[in-house]
There are 2 protein chains.
Amino acid sequence: MDAMQKRSSTIQDVARRAGVGVGTVSRVLNDHPNVTQATREQVLRVIADLGYRPKSAAVTLRTRQTREIGLITDEIATTPFAFDLIRGAQDEAWAHQSILVLINTSGNLDLLNAALDQMYDRQVRGVLYAAMFHQPVNLPERFRELPAVLVDCYSEDRSLPSVVPNEIQGGQDAVATLLQHGHRRIGFINYTTDQPAVVGRLEGYRRALAAAGVAYDPTLVRQADIAPEAVYRTTIQLMQQPDRPTALFCFNDRTAMWAYDALRDLALRVPEEVAVIGFDNQELLAANLRPPLTTMQLPHYEMGRWAVHHLIAGNPQPSPTAPQVQLDCPLVWRASV
Amino acid sequence: MDAMQKRSSTIQDVARRAGVGVGTVSRVLNDHPNVTQATREQVLRVIADLGYRPKSAAVTLRTRQTREIGLITDEIATTPFAFDLIRGAQDEAWAHQSILVLINTSGNLDLLNAALDQMYDRQVRGVLYAAMFHQPVNLPERFRELPAVLVDCYSEDRSLPSVVPNEIQGGQDAVATLLQHGHRRIGFINYTTDQPAVVGRLEGYRRALAAAGVAYDPTLVRQADIAPEAVYRTTIQLMQQPDRPTALFCFNDRTAMWAYDALRDLALRVPEEVAVIGFDNQELLAANLRPPLTTMQLPHYEMGRWAVHHLIAGNPQPSPTAPQVQLDCPLVWRASV
DNA sequence: TTGTATATTGGAATCGATTCCAAATAAAGT
DNA sequence: ACTTTATTTGGAATCGATTCCAATATACAA
């Protein structure tokens, strides 16, 4: 508690104790040239003695720039991906001596505006805006007043830089993997909306088949809500049709989980009788299913890194040509194929 | 981009345009008394015109205090709980006009120390330290140099305030629920370590039985690693013994998921023939199993709130009598009981 | 040795807020 | 009308860093 109240030392204290001017101390602090080795060491010694650390408020006030990056999340809360994204962003920020400041807006527009105010007041280097799943977003105009990068989403007009998963590549690689294992009739349980993941993965499915010279059979492609019974029923139907598929590409890991249930009830063994591949790599599910699920990983960690990197190195400005990056979804091998 | 470079206005600008002194502006900004209604309105008008906002760096420098709270997480990454905790902390921080600054240390001690340096430099109001599951932790001495609150963990010597789930209550309520539904032979698949969750939930199990006047039968209590096959086999054994249990209390939701598998293979229907209750309420699992799993929720959101609240309102100081709070785990009703 | 170019150094000014004190105004009391 | 007392106000000092400029020290050349 003593430690807690003790007024911490300032650059003045250091200068006085070291018998030099504040300018000199500042110079050693910031690795400027034109300081003799002797004085540098002397100053460093005093700094260590005093346990002196520059206060970031003072630095910011004077230099007009912080070492903070804002991360605004929209209800990302509910998805377990969140943390990979945060970790990626943090690791990259850390590499630039920066730190993350977090605000979750819970999809509330007032909160979003308040969040922007905060970021503005704090003079952050820039902000990331992360959505809970790959989607177009409509953001307030004020987003253009700060350097910003969108993660797992993109602005309708493409005027802000964004980084999203490469859904097509993901779908294509997933299906290509099944093809490589000899499967020719590959069922696809897709989701019903028209979000990028849905259309992208379907496109990937088609491309993979085309590349392997396998004809596209519409009866193998189904759409189901992401709900236990819907997927269960869809799977049963899909597998009971004549010339049933020998492999299943599922829109996501949850879908795969319910498909597993259906397959089990049909007494079809995974992977012996039916191979299954998922999408998302939600560890909690994929790694814990029986058998563990082979799946495509969403590049959340990498998206977080890329976004921060671009923010710091790319000096992003809103413009019609803002980069729109897609990052690949790698395959995660488990036991279901 | 114009907006992006424009030097934002200062309190001086406001004072000049409003024809008052900076002191007056500061007074209206901070709701101090002794400002006539007329000048107050005049100043407010200019502030709105200019879109003026005080820069937090300047405020911090002068007042020596920020509106930031540090959140240091230890590898919490991998658990989907993380975000509830963060949300709780953020909501409470927000209510005090404060914001969260996040650092994940990935269990790395150097990073932890660096994180503390950062927090110190930034003069945060205090820090939360959150572990990835309820456990004792051994933290560097430096933690005592800042107000700190531990979340989902506690220091061995109990000298830092902490907030953790009430494992005993959780276990007790879980089992009491089963008892209320008429079950008398209740199996318990526990985990093998001696972490608080394991001993606490077992204690809760015993207390619930005792309260209901049901004898404790050691053959109903098993320990299994949290691994698919281990739980699967344990469940099979447990259910095949003479006078099999009619209900199952599982250490956590993952355990329950694998127990489901075993029950299905034994052709025992949930909940008709066997009731199942889990623990943790990992939405992704519990809500998506078939049938959806009734479970005890870990109070991550509330722990986050409590921790921030205590940090701000409780003025925590390290002391032998630091509060050690346990928060209840509420029951989440689904369909497995 | 002396003059010139170069490398170090000290310290005042600055960033943008808050706070305190003295001065100016208004209100109250006789 | 004239103190006395209470409210409002302006503005200088301050927080703790960086930066720039002038001053000093040192190196180099003739």
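Protein chains get the first letters and strands the later ones, always in sequence-line order, with residue 1 at the start of each.
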Discussion item. Do A:Arg40 and A:Gln37 pair up side chain to side chain, a donor and an acceptor below 3.5 Å, judged on atom types alone?
Written reply: no

Fill in: A:Asp121 CG to C:dG16 C1', straight-line distance once rounded to whole Å
13 Å

Worksheet item: Going by heavy atoms closer than 4.0 Å, what residues in residues 52-65 of chain A are next to DNA chain C?
Response: A:Leu61, A:Arg62, A:Arg64

Discussion item. Can a side-chain donor-acceptor contact be found between A:Ser8 and A:Arg53 if the only test is distance below 3.5 angstrom?
Written reply: no

Worksheet item: Whole-Å distance between D:dA17 P and A:Arg27 CZ?
Response: 16 Å

Item to complete: For A:Thr10, report the nucleic acid contact type (base, sugar-phosphate, nothing); a contact means any heavy atom under 4.0 Å.
Response: sugar-phosphate

Worksheet entry | Intermediate values then yes/no, side-chain hydrogen bond (donor to acceptor under 3.5 Å, both in side chains), B:Ser106 and B:Asn108 | CA-CA 5 Å; B:Ser106 303; B:Asn108 175 333; over 6 Å; no

Worksheet entry | Residues from residues 39-47 of chain A lying under 4.0 Å of DNA chain D - heavy atoms | none

Worksheet entry | Nearest-Å distance for atom pair CZ/P, residues A:Arg122 and C:dA17 | 15 Å

Discussion item. Report for the helix from C:dT1-D:dA30 to C:dT30-D:dA1: angle between first-end and last-end helix axes, five pairs each, rounded to 10 degrees.
Written reply: 40°

Worksheet, complete the sentence: Residues A:Val28 and A:Leu44: closest non-hydrogen pair is CG2-CD1, 3.8 Å

Worksheet entry | Closest to the B:Leu29 side chain, choosing from C:dT18, D:dT18, C:dA7 | C:dT18

Worksheet item: Is any side-chain heavy atom of B:Ile69 closer than 4.5 Å to a side-chain heavy atom of B:Val101?
Response: no

Worksheet entry | Spacing of A:Gln12 atom CD relative to C:dG10 atom P, expressed in whole Å | 13 Å

Practice prompt. Flag this pair as yes if the NZ/CZ of A:Arg158 is under 6.0 angstrom from the six-membered ring centre of A:Tyr154 and inside a 45 degree cone about the axis; otherwise no.
Written response: yes

Practice prompt. Under the side-chain contact (heavy atoms from CB on, under 4.5 Å) rule, what do B:Thr105 and B:Thr73 come out as? Steps first, then yes or no, please.
Written response: CA-CA 6 Å; B:Thr105 64; B:Thr73 62; over 6 Å; no

Worksheet item: Is there side-chain contact between B:Val164 and B:Leu327, with at least one heavy-atom pair below 4.5 Å?
Response: no

Discussion item. From CZ of A:Arg67 over to C1' of D:dT18, roughly how many Å is that when rounded to an integer?
Written reply: 13 Å

Worksheet item: What is the distance, rounded to the nearest whole Å, between atom CD of B:Gln37 and atom P of D:dT9?
Response: 11 Å

Worksheet item: Whole Å only: how far is the CD1 atom of B:Ile11 from the C1' atom of D:dG11?
Response: 12 Å

Worksheet item: Okay, side chain of B:Thr63, backbone of B:Val59: is any donor-acceptor separation there less than 3.5 Å?
Response: yes

Discussion item. Between A:Ser56 and A:Arg67, is there a side-chain donor-acceptor contact under 3.5 Å, judged purely by atom types and distance?
Written reply: no

Worksheet item: Are OP1 or OP2 of D:dT18 and a side-chain N or O of A:Asn30 less than 4.0 angstrom apart?
Response: yes

Worksheet entry | side-chain contact (heavy atoms from CB on, under 4.5 Å) between A:Ser9 and A:Arg17, worked out | CA-CA 11 Å; A:Ser9 40; A:Arg17 285 245 326 222; over 6 Å; no

Fill in: Check: B:Tyr129 ring centroid to B:Phe143 ring centroid under 6.0 Å
yes

Worksheet entry | Phosphate OP1/OP2 of C:dG10: any A:Thr24 side-chain N/O under 4.0 Å | yes

Worksheet item: Please give, in whole Å, the distance from C:dC21 C1' to B:Asn34 CG?
Response: 14 Å

Response to the item:
By nearest-heavy-atom nucleotide on DNA chain D, the more 5' of A:Gly23 and B:Gly19 is B:Gly19

